[in-house]
Amino acid sequence: MSETESEHGVHESHGGHKHGDECGHESRQHGDHLDYLHDGHWHAEHDDHYDEH
């Protein structure tokens, strides 16, 4: 299983924050999407929630 196909858990308490170019969080490329460092965890938008990587 590749890194982009691996299972990721849903981050339950993300609040109303939306990550993006000017959100202020560090980002990194993760396969075909960006992860954002938020509260010590890497998050990625997925459908209507954020996955914790």
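Note that these values count all heavy atoms, side chains included, but never hydrogens, waters or copies made by symmetry.
The heavy-atom pair separating Leu34 from Gln29 by the smallest distance is CD2-OE1, 3.5 Å. Between Glu26 and Trp42, the shortest heavy-atom contact is O-CZ3, 3.8 Å. Of all non-hydrogen atoms in His30 and Asp35, the two that sit nearest each other are ND1-OD2, 2.8 Å.
Checked against the 6.0 Å centroid criterion, the rings of Tyr36 and His19 qualify as a close aromatic pair.
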task: Check the pair Glu52, His43 against side-chain contact (heavy atoms from CB on, under 4.5 Å), reporting the backbone distance first and the verdict last.
output: CA-CA 5 Å; Glu52 187 167 349; His43 297 170; 4.3 Å; yes
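Put simply, the side chain of Glu22 never gets that close to the backbone of Gly24: no donor and acceptor are under 3.5 Å apart.
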